Protein chains: 2
Amino acid sequence: MTDQTPKGKRRSKQKTERLDIHTVARLANVSIATVSRTINHVPTVNKKMAKRVWEVIKELDYAPNSQARSLVSGRSRLLGLIVSEITNPFFPELIQGFEDVAVEHGYEILIGSTNYDPERMKTCIRRMVERKAEGVAVMTFGIEEPLLDKLAERKLPLVFVDVGPERPEISLLRVDYHRGIRQGVQHLAALGHRDIAFISGPLILHSANSRLTAFKRAIQECGIKINPQWIVEGDHTMEGGMTAAEQLLTHGNVPTAVMCSNDMTAIGVLHEAYRVAMRVPDDLSVIGFDNIHMTRMTIPPLTTVQMSCYDLAREAVMALRAHVEKSLTPNREYGIKTQLVVRESTGFPHGTMEHLRNSADVPK
Amino acid sequence: MTDQTPKGKRRSKQKTERLDIHTVARLANVSIATVSRTINHVPTVNKKMAKRVWEVIKELDYAPNSQARSLVSGRSRLLGLIVSEITNPFFPELIQGFEDVAVEHGYEILIGSTNYDPERMKTCIRRMVERKAEGVAVMTFGIEEPLLDKLAERKLPLVFVDVGPERPEISLLRVDYHRGIRQGVQHLAALGHRDIAFISGPLILHSANSRLTAFKRAIQECGIKINPQWIVEGDHTMEGGMTAAEQLLTHGNVPTAVMCSNDMTAIGVLHEAYRVAMRVPDDLSVIGFDNIHMTRMTIPPLTTVQMSCYDLAREAVMALRAHVEKSLTPNREYGIKTQLVVRESTGFPHGTMEHLRNSADVPK
DNA sequence: TCAAATCGAGTAAACCTTTACCAAACTTTT
DNA sequence: AAAAGTTTGGTAAAGGTTTACTCGATTTGA
């Protein structure tokens, strides 16, 4: 049964000079082990040899094969990032942040977009598992419980950003909406607004719900009574914002200010106001949420609540690293701070004299 | 010297039931070769066995280790994508397209952003080489010739999208600017405009140059004399657009229409018009270029020339695949078509009676 | 000067697949 | 019924690295 005759066949790629660790070792007159140790900065390697090795590496422009490294070391240095759709203006900045921070820590990122399709979500996850991503940040909903079980079994570190269920093995990143929304409401109140409407996001979303709750709380904190007519459900799109604004601006009592659950909604409000010839901020103040890039470019530029995507991304990477490097305590909930960005879509309510303002907190 | 005693040491991960191809083979009662062939859809494998294997695979939710596969097969199924900055609104749609098409063909994508920093570009490329990307699409400038030489040596397929030098080993994707710009100019001419200004991009950019040239040509094709005063250099940012528009709208003869080298510039024009109380499109028509997502949301929505990012991305992936799979002819230049998207920022020139219009090609 | 201790480098196994080659089991032909 | 041909499955090598273990060389201590 046993065939003991290795006949030297199976010679591959005859001519091409291979550029592997053996070549480096040969040219530097050391063993491959030394080359490997040099590359990985193992301290026991002699300075002189290290120098020689590095010179050869530079000379050849040798780049170690990361697949082989990963295979044997069990570390892929790959981090996954799953978003719903890249073109949603909220995500690019987040991706950028994630990439920056990941690269900073020596990781590569693998991107997947789900387009809100659970099936695509599944294949995304599968791809990440196959590539042996060391952790995955999920920034979209639609991940199913059974899938989660499997992943838990596989011990794939996961961090959910502002979505997803609470689970013992998953880190959660939650944004401090209350603070952000309160900042917005207080800003409006300081300008003299009392008639403040709110356009929420789709209430199936955890984050949209939190924002709505935060709004109600903030309004009451300012001593204003909640008018249920002025709370409308949108869907976080511009079109949804327009529809909601139409309802708000053309029926019954018209508010003097609208706070929105996200920036896209606020942009919709801007459009609707334009359509019905209301001037922003003279007739209507508008505040968004997220501080997406686009808010700098609307007419007028939008006052909004920034949530630092960079921080969000940084925290996500950190949470993932905490799992992998097991030096930090994993599983804690990370809170993300927000900040008010005052631009030109907010002003004194119609009919209010400027001298009535009771705060210095006004847009320039 | 020879130590013939393999003492069975070096047992790793004792307890954890490994989930590898051997496990699958054992449970399906076949050899690992059969499992491998089943997974890779080698036609010679018996249907019954294949079925059994697939069942076990599903049962275990086995995912083959792509690092090992790549290592032995020499194919990483990884495609690199290098952009300047993800937050530039032009890129997300491109990334999305690239990802879609790549996944469609069984590839994963690796993203890198350079922030216009040649140093970062270098590390991006290095990362792609280490990961053994099978090809890289470069959508930013700043790649240096010596680096290109090295890459050519490594035979890393590259495709440049609208940037970069001509080189025998590199595929180029060029957009058909002339067609796009002409469409815009003809649209304006059909509306009755004769006083058409152009705000270019930074002329160091190949693409910006092409667009300017295309504009001049298109204008002359329409029988209009070029007024050098009405050609201003911008920088493809909103701020640049505002500055250029200020010059155009507040000095000397004021044009009735402005065509812009990209959408961000056009958005800047919209802002400047708003600032000086010119109404768009009543007093001034504005056309952008690129059809970035945001143009749907400006006030008024921007007429622009679409260049299909999806097509661009598709072509990029195809060009890369052409190199790798060596079934198609590589190195040919790919041309990307454009299309006019009429929205609400263009109209009849001020003072023109509607009945004077000489074409049906008007915005609704 | 010699033994012990320390240091640094080399050998070879292991990581998990794919796949060339071989062998066994059928099928068909004579 | 035997020979030839055709499937189909199994064995083992290879891919490029990391790293446990080993061993020679050098230094230190007596």
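The shown structure was predicted, so the numbers you read here are calculated from the model rather than taken from an experiment. Proteins get letters first, then strands, A, B, ... in listed order; numbering begins at 1 in each.
Close to dT17(C), at under 4.0 Å from its OP1 or OP2, lies a side-chain N or O of Tyr62(B). Between Asn46(B) and dT7(D) there is no side-chain polar atom (N or O) within less than 4.0 angstrom of OP1 or OP2.
Other residues, nucleotides and ligands place no more than 12 heavy atoms under 6.0 Å from the CD atom of Glu59(B).
In this structure, of dT17(C), dT8(D), dT19(D), it is dT8(D) that holds the atom nearest to the side chain of Met49(B). Closest to the Asn65(A) side chain, of the nucleotides dG9(D), dG16(D), dT19(C), is dG16(D). Proximity note for Thr34(A) (side chain, C-beta onward) versus dA9(C), dG15(D), dA12(D): the nearest is dA9(C). With dT18(D), dC16(C), dT19(C) as the candidates, the nucleotide lying closest to the side chain of Arg69(A) is dT18(D). With dA14(C), dG10(D), dT11(C) as the choices, the nucleotide that has an atom nearest any side-chain atom of Ser31(A) turns out to be dT11(C). Here the nucleotide nearest the side chain of Ala33(A), chosen from dT11(D), dT11(C), dT17(C), is dT11(C). Nearest nucleotide to the Val72(A) side chain, out of dT18(D), dA20(D), dT19(C): dT18(D). Comparing dG10(C), dT18(C), dG16(D) by their closest approach to the side chain of Ile21(B) singles out dT18(C).
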Salt bridge (charged side-chain N to carboxylate O under 4.0 Å, His left out), that's the test. Do Glu108(B) and Arg127(A) meet it? Break it down for me.
CA-CA 8 Å; Glu108(B) 213 77 28; Arg127(A) 280 158 44 204; 2.6 Å; yes

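Atom pair Lys47(A):NZ and dA9(C):P shows a separation of 11 Å (rounding to whole Å applied). Between His22(A) atom NE2 and dG16(D) atom P there is a gap of 9 Å when expressed in whole angstrom units. Separating the CG atom of Asp20(B) from the C1' atom of dT18(C) is a distance of 14 Å, rounded to the nearest angstrom. Between Lys48(B) atom NZ and dT8(D) atom P there is a gap of 13 Å when expressed in whole angstrom units. Rounded to whole angstrom, the span from the CD1 atom of Ile32(A) across to the P atom of dA13(C) amounts to 12 Å.
Counting heavy atoms from C-beta outward, Val324(A) and Arg75(A) have side chains that approach closer than 4.5 Å.
For Asn29(B) and Gln67(B), each mapped to the nucleotide of DNA chain D holding its nearest heavy atom, the one lying further toward the 5' end belongs to Asn29(B). Comparing Arg37(B) and Ser73(A), the nucleotide of DNA chain D nearest to each residue sits closer to the 5' end for Arg37(B).
Residue-level contact check: Ser36(A) touches the bases, meaning some heavy atom is under 4.0 Å from a base atom. Using a 4.0 Å heavy-atom criterion, one finds that Val45(B) contacts the sugar-phosphate atoms exclusively.
A salt bridge between Glu144(A) and Lys150(A) is absent, with no side-chain N of the basic residue lying under 4.0 Å from a carboxylate O of the acidic one.
Nearest approach of Leu156(B) to Ala133(B), heavy atoms of both residues: CD1-O, 3.3 Å.
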